[in-house]
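We use all heavy atoms of the structure for the numbers below, so side chains are in, but hydrogens, waters and symmetry mates are not.
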Amino acid sequence: MKRTHKCNQVTSDLIGQEISVSGWIHRRRDHGGVIFFDLRDDNGLVQVVYNPDSKDTFALAETCRNEYVIFSKGIVQARPEGTVNDNLVTGKVEIVASGLEIVNSSQPIPFQLDEYSSVGEETRLKYRFLDLRRAEMQDNLRLRSKVSTSLRNYLNTQDFVEIETPLLTKATPEGARDYLVPSRTFPGSFFALPQSPQLFKQTLMASGFEKYYQFAKCFRDEDLRADRQPEFTQLDIELSFVESEDVISLITEMIQKVFKETLSVDLGEFPRITYKESIEKYGVDKPDLRNPLKLLEVKNLFKECDFKVFSEPANDEDSRIAAMRVPNGKMLTRKQIDDYTDFVGNYGAKGLAYIRVEDPSKGKEGLQSPIIKFIEDSIIDSLLAVLEVQEGDIIFFGAGKRNIVNDSLAPLRDLIAHDLDLLTCEWAPCWVIDFPMFEKNKSGELTPLHHPFTSPNCSIDELKESPLDAVTDAYDVVLNGTELGGGSVRIHDTKMQNTVLNLLNIDDKEADEKFGFLISALQHGCPPHAGLAIGFDRLIMLMTGSDSIRDVIAFPKTQTASCLLTDAPGQAAQDQLEELHIRFQGLDKEE
RNA sequence: GGACCGGUAGUUCAGUUUGGUUAGAACGCCGCCCUGUCACGGCGGAGGUCGCGAGUUCGAGUCUCGUCCGGUCCGCCA
């Protein structure tokens, strides 16, 4: 038996025709004298009816169970009056079966596939092949495919060339821990799986491919999060003879188009915000602009204040005092505020000061707060004026080291918007631009904010003079508070590249060892170039509304980077290890 | 490396606060009945290493310690 129609194609047009369908028994309803199957294939459901008129077929149908794979044939008929199911595309008709073939039976499945029951993550991952049958996962992966097709179409029409780069390559200086692959032919040497194709794509620019893209698998051996997997996919893009403006407008159009084509969503314009402004107003470099709450720097008001919690950061260069006015914050209970205090504690904040505005016309008398008694009236007055407070507001304060204030208030801003349902729209894209070239790490060394191949917006001398003031043509595209992707104008000049590497304490020898081929490419007529990479999995997470990256990847890893389906990683056989010149020392519990 | 939540029937969970007879429910599964259901219905039944290991106790799903697994987060990662 061979199918003539997919399930969803069985509609009123076919009434009276004999057809055959195939698929899984999604649900069966056995009434003794009549049996119904909801038959499922990859595009829908259709009801097949078995009755004793076809004796053998009926007897066979009685033995069927959920998730059996069958072929069935029969005449399409309109459903009797009163039995139409409006929830199904095919609900007006049914197939009256005259034949049935069981192609494959199924053991009872360990969890139900309907939308009414929930399943734990562990079970889903162990039986991923069943989990992927569920409509939610089918929809997610189908959208993923549509989106990648749409992106490819767009780039292809713009004359981009898709080029693959190696997975077995060399460790790049990008900071994350590498996945290593031992070499059989070079004892003691290792390949590294790429953290990104950054160096290869720049090399391709030197090779004269002026527009390149690739859906690139990337590997980073770091701890996992809800939105991080050890292997993930980037849409990697690079262009020659362009400036940042060209990349930004290209990518804006690309993202607008893919949302339009696949979700019928009009994203509108992508506003731009500088890194500096974003940190000041939102505490992060990937602001969620759906959220109307903002941080206001109020440091200057407290320079002369007697309240040490505020006056100390007010007079410290590395500190800030940020105020966040929450309209209608009176809704928040004491319990919630205590929870928020614990919440910011997770990010290192020592406390969370707040002021409730009960009646702004009464000045200090109209406020309720544990801290106002420590603060001079004149400062309170200026504060209320600057914040333009209104009745019912609550104002939260973060005071202390700049990083801690930002790191704690930014997530608090998201949490409060969530709790009070403050989001103003469904989609809010933006570009964050003008990133600094370097920042200082904890040990006071310079580290690149983006990566060491990003071109600073200044001369070599200016860069050497004050590296921390250097701004770059780097740009991040942000959607709803998620960094979708980022890129930059690259260095194409060897002298500038060497200057940057020297500032990062990477000497010529180390540079040559790690990426001599790129330096060499720069020395042999490399055009100016710029590009970016889109985090493809995160894009799909946003587009599907998934809370976990695992829901947009067919076969993901657990938080400890294992695969519950295949049981990877596994042990290697002794002869494999020997071939690779690896001696396993065993696990030493003492260490 | 650290903090927190969870692990009990095939699945999702209750029971753990305050240790005490035979560990429950729903769905699923099995059997019987049922000719118009669509998350069909009715009756009956089977199904448990309470993650694992020690300890406390007359007695541990319940208390203590350790350990493994899953998840969320910090560190880490762009």
Side-chain angles (χ1 to χ4, degrees), chain A residues 26-39 45-53 58 65-67 77 79-88 90-91 94 96 106-127 130-131 174-178 195-196 198 218-230 232 234 285-286 342-349 404 407-408 411 415 432 435 439 441-442 447-451 454 474 476 478 482-488 532-535 538 547-548 550 557-560 562 564 589:
Chain A
H26 189 60
R27 248 190 296 271
R28 75 198 164 93
R29 293 176 291 280
D30 183 347
H31 289 240
V34 61
I35 299 168
F36 301 97
F37 289 169
D38 287 339
L39 193 69
L45 290 176
V46 66
Q47 175 165 282
V48 189
V49 190
Y50 299 85
N51 60 54
D53 299 345
F58 184 79
R65 294 294 179 264
N66 283 344
E67 297 303 311
Q77 72 166 28
R79 292 200 189 184
E81 215 181 318
T83 65
V84 166
N85 184 348
D86 291 326
N87 298 324
L88 291 182
T90 59
E94 62 194 7
V96 182
S106 169
Q107 293 178 2
I109 53 175
F111 55 89
Q112 284 149 273
L113 304 184
D114 59 54
E115 65 266 45
Y116 308 100
S117 43
S118 58
V119 201
E121 189 89 20
E122 216 170 336
T123 313
R124 287 178 55 198
L125 291 176
K126 183 171 176 192
Y127 297 97
L130 296 177
D131 187 42
E174 261 157 300
R177 195 176 294 118
D178 287 307
Q195 296 178 27
S196 83
Q198 180 63 33
C218 304
F219 304 85
R220 292 176 192 169
D221 188 4
E222 295 292 345
D223 287 345
L224 279 62
R225 288 288 187 280
D227 62 351
R228 273 171 21 195
Q229 281 276 302
F232 59 98
Q234 281 187 348
D285 59 0
K286 43 180 182 173
D342 292 343
F343 180 77
V344 295
N346 294 334
Y347 301 91
I404 292 181
D407 291 352
S408 57
L415 182 63
V432 180
F435 282 80
E439 61 184 349
N441 69 10
K442 278 174 217 145
T447 55
L449 222 73
H450 194 57
H451 55 56
T454 300
D476 278 2
V478 172
T482 296
E483 183 197 325
L484 270 190
S488 60
L532 110 171
I534 301 279
R538 284 187 192 171
D547 292 327
S548 165
R550 295 181 298 278
K557 307 276 188 291
T558 67
Q559 190 157 46
T560 50
S562 71
L564 298 181
K589 289 278 182 193

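Across all strands shown, B:U72 is found opposite B:A3 as a Watson-Crick or G-U wobble partner, with both distances under 3.5 Å. Both distances falling under 3.5 Å, in either a Watson-Crick or a G-U wobble arrangement, place B:G31 opposite B:C43. Searching all strands for a Watson-Crick or G-U wobble partner of B:G48 with both distances below 3.5 Å returns nothing.
Distances shown here put every side-chain N or O of A:Arg124 at or beyond 4.0 Å from the OP1 or OP2 atom of B:U11. OP1 or OP2 of B:C40 has at least one side-chain nitrogen or oxygen of A:Arg27 nearer than 4.0 Å. Not one side-chain nitrogen or oxygen of A:Ser117 sits closer than 4.0 Å to the OP1 or OP2 atom of B:U11. Between A:Arg29 and the phosphate of B:C40, there is a side-chain N or O to OP1/OP2 separation shorter than 4.0 Å. Checking the phosphate oxygens (OP1, OP2) of B:C30, a side-chain nitrogen or oxygen of A:Arg65 falls inside 4.0 Å. Close to B:U72, at under 4.0 Å from its OP1 or OP2, lies a side-chain N or O of A:Gln559. Here A:Thr560 does not reach the OP1 or OP2 of B:G71: none of its side-chain N or O atoms lies under 4.0 Å away.
Listed candidates were B:C38, B:A78, B:C27. Nearest to the side chain of A:Gln112 is B:C27. Counting only heavy atoms from C-beta on, A:Thr83 has its side chain closest to B:G36 among B:G36, B:G1, B:G70. Of the candidates B:C77, B:C30, B:C74, the closest approach to any side-chain atom of A:Tyr347 belongs to B:C74. In this structure, the nucleotide among B:G71, B:A78, B:C40 sitting nearest to the side chain of A:His31 is B:C40. Of all nucleotides listed (B:C34, B:G28, B:C38), B:C34 comes nearest to the side chain of A:Asp30. Among the nucleotides B:G70, B:C29, B:G36, the one closest to the side chain of A:Pro108 is B:C29. Comparing B:U35, B:C38, B:U72 by their closest approach to the side chain of A:Arg550 singles out B:U72. Looking at the side chain of A:Arg79, the nearest of the listed nucleotides B:C40, B:C38, B:C73 is B:C38. The side chain of A:Ala226 lies closest to B:U72, out of B:G36, B:A78, B:U72. Listed candidates were B:A78, B:G71, B:U12. Nearest to the side chain of A:Glu121 is B:G71.
At least one donor-acceptor pair closer than 3.5 Å links the side chain of A:Arg220 to the backbone N or O of A:Gln195.
More than 12 non-hydrogen atoms from other residues, nucleotides or ligands lie less than 6.0 angstrom from CD of A:Glu115. Residue-environment remark: CG (A:Asp547) stays at or below the threshold of 12 foreign heavy atoms within 6.0 Å.
Atom CZ in A:Arg225 sits about 12 Å away from atom C1' in B:A3, given to the nearest Å. In this structure, A:Asn87 places its CG atom 7 Å from P of B:A39, rounding to the nearest Å.
Minimum heavy-atom separation, A:Val432 to A:Asp285: CG2-O, 3.4 Å.
With the nearest nucleotide of RNA chain B identified for both A:Asp114 and A:Pro448, A:Asp114 has the one nearer the 5' end. Where A:Phe36 and A:Gly120 meet RNA chain B, the nucleotide closest to each residue was compared, and A:Gly120 sits on the side nearer the 5' end.
The existence of a salt bridge linking A:Arg228 and A:Glu222 is excluded, since no basic side-chain nitrogen approaches an acidic carboxylate oxygen closer than 4.0 Å.
For the atom pair CG (A:Asn66) and CG (A:Asp38), the distance works out to 9.5 Å, reported to the nearest 0.5 Å.
A stacking contact links A:Tyr116 to B:A39: the aromatic ring centre lies within less than 5.5 Å of the base's six-membered ring centre, and the planes differ by less than 30°.
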